[in-house]
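To start, the structure under review is shown below, and the notes come after it.
As a basis for the values below, the full set of heavy atoms in this structure was taken, side chains included, without hydrogen atoms, waters or symmetry mates. We count residues from 1, following the sequence as given.
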Amino acid sequence: MGCYRTILVAVDGSPDAAAALGHAASLARDQHARLVVLTVAPPAPAQSVTPAGALPPPVDSEKTFARILREAVETLPPDVGVQTRLARGRPARRILEVAQESGCDLIVMGFHGHGRLHHALMGSVSDSVLRDSGLPVLLMRAGARCPGSSAPARAAPEEPGQEEPVSPSRTA
């Protein structure tokens with residue numbers, strides 16, 4: 001058995017997150033580990049009230065993040081055990097909380113998820129996770145080469161060879 005039993009991979013729909021998902025799936029297969037695929041929707045904004053009455057609620061971003069999560073999991077091979085999690089809150093904090101709650105041994109995520117403006121205003125989620133985590137954190141960039149491979153990291157891992165499959169369990 002490998003040194004990783006449970007690997008959390010954070011996805012946000014970015015190319016770097018897709019590379020992280022592909023690498024995490026390869027690691028999970030090699031280590032016979034379970035993947036916890038997580039996406040974090042931002043906190044719901046408070047409903048505004050004006051003299052004319054309440055404004056309609058903002059567009060529900062949770063549906064968008066649920067779609068990102070579903071599409072990410074659809075790219076995974078069937079022999080990788082997967083648990084999905086959709087959380088709401090500050091992304092770095094929730095990633096660390098879910099990793100602890102799930103008993104994870106490793107966190108894998110994209111190097112960048114949001115644009116430069118978001119980074120300048122909010123700080124980088126990956127920076128915060130890396131700084132505050134007590135677990136190993138692996139950051140991936142889209143197009144980065146996986147160790148031992150001549151191909152760049154990608155979202156859909158190659159078909160399994162002679163590896164012993166991990167029993168799949170896809171739960172929400």
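- Between Arg85 and Leu69 the shortest heavy-atom distance is O-CD2, 3.6 Å.
- Side-chain contact between Glu62 and Leu86 is present, with heavy atoms from C-beta onward closer than 4.5 Å.
- Contact check on Arg5 versus Asp105 returns a salt bridge, with a Lys/Arg side-chain nitrogen under 4.0 Å from an Asp/Glu carboxylate oxygen.
- No donor-acceptor contact under 3.5 angstrom links the side chains of Ser26 and Arg29, judged on distance only.
- For Ala10 against Ala17, the heavy-atom pair with the smallest separation is O-CB, 4.1 Å.
- The closest donor-acceptor contact from the side chain of Gln83 to the backbone of Val37 lies at 3.5 Å or more, if one exists at all.
- For Gly103 against Thr6, the heavy-atom pair with the smallest separation is O-CB, 3.8 Å.
- In this structure, CG in Asp127 is found 8.0 Å from CG in Leu139, a value given to the nearest 0.5 Å.
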Q) When you look at Asp12 and Val40, which way does the side-chain contact (heavy atoms from CB on, under 4.5 Å) test go after all the steps? A) CA-CA 8 Å; Asp12 63 3; Val40 182; over 6 Å; no
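- Contact between Leu106 and Pro136 at its shortest, heavy atoms only, is CD1-O, 3.5 Å.
- Between Ser14 and Asp16, the side chains place no donor N or O within less than 3.5 Å of an acceptor N or O (distance only, hydrogens not considered).
- Within the 4.5 Å cutoff, the side chain of Leu38 has no heavy atoms near those of the Val11 side chain.
- Listed here is the closest heavy atom pair of Ala19 and Ala142: CB-CA, 3.8 Å.
- Tested against Leu8, the residues Val36, Val129, Leu35, Val137 include a single side-chain contact (heavy atoms from CB on, under 4.5 Å) partner, Val36.
- Considering CZ of Phe111 and CG of Leu130, their distance stands at 9.0 Å, rounded to 0.5 Å.
- Rounded to the nearest 0.5 Å, atoms OG1 (Thr39) and CZ (Arg94) are 12.0 Å apart.
- Remark: Arg70 engages no residue in a side-chain hydrogen bond (donor to acceptor under 3.5 Å, both in side chains) (not counting sequence neighbours).
- A 4.5 Å side-chain heavy-atom check between Arg67 and Glu71 finds at least one atom pair inside the cut-off.
- Of all non-hydrogen atoms in Ser128 and Ala92, the two that sit nearest each other are CB-CB, 3.5 Å.
- Here the CG atom belonging to Leu135 is positioned 8.0 Å from the CG atom belonging to Leu96, to the nearest 0.5 angstrom.
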| Arg34 and Ile7: side-chain contact (heavy atoms from CB on, under 4.5 Å), yes or no, with the steps? | CA-CA 6 Å; Arg34 174 178 60 107; Ile7 301 169; over 6 Å; no
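- Annotation: side-chain hydrogen bond (donor to acceptor under 3.5 Å, both in side chains) contacts of Arg93 (sequence neighbours excluded): none.
- Distance check, rounded to the nearest 0.5 Å: CD of Glu97 to OG of Ser102 gives 11.0 Å.
- Gln100 pairs by the side-chain hydrogen bond (donor to acceptor under 3.5 Å, both in side chains) definition with nothing, not counting sequence neighbours.
- Once rounded to the nearest 0.5 Å, the distance linking CE of Met109 with CD1 of Ile107 reads 8.0 Å.
- With contacts defined as side-chain heavy-atom distances shorter than 4.5 Å, the pair Phe65/Pro42 qualifies.
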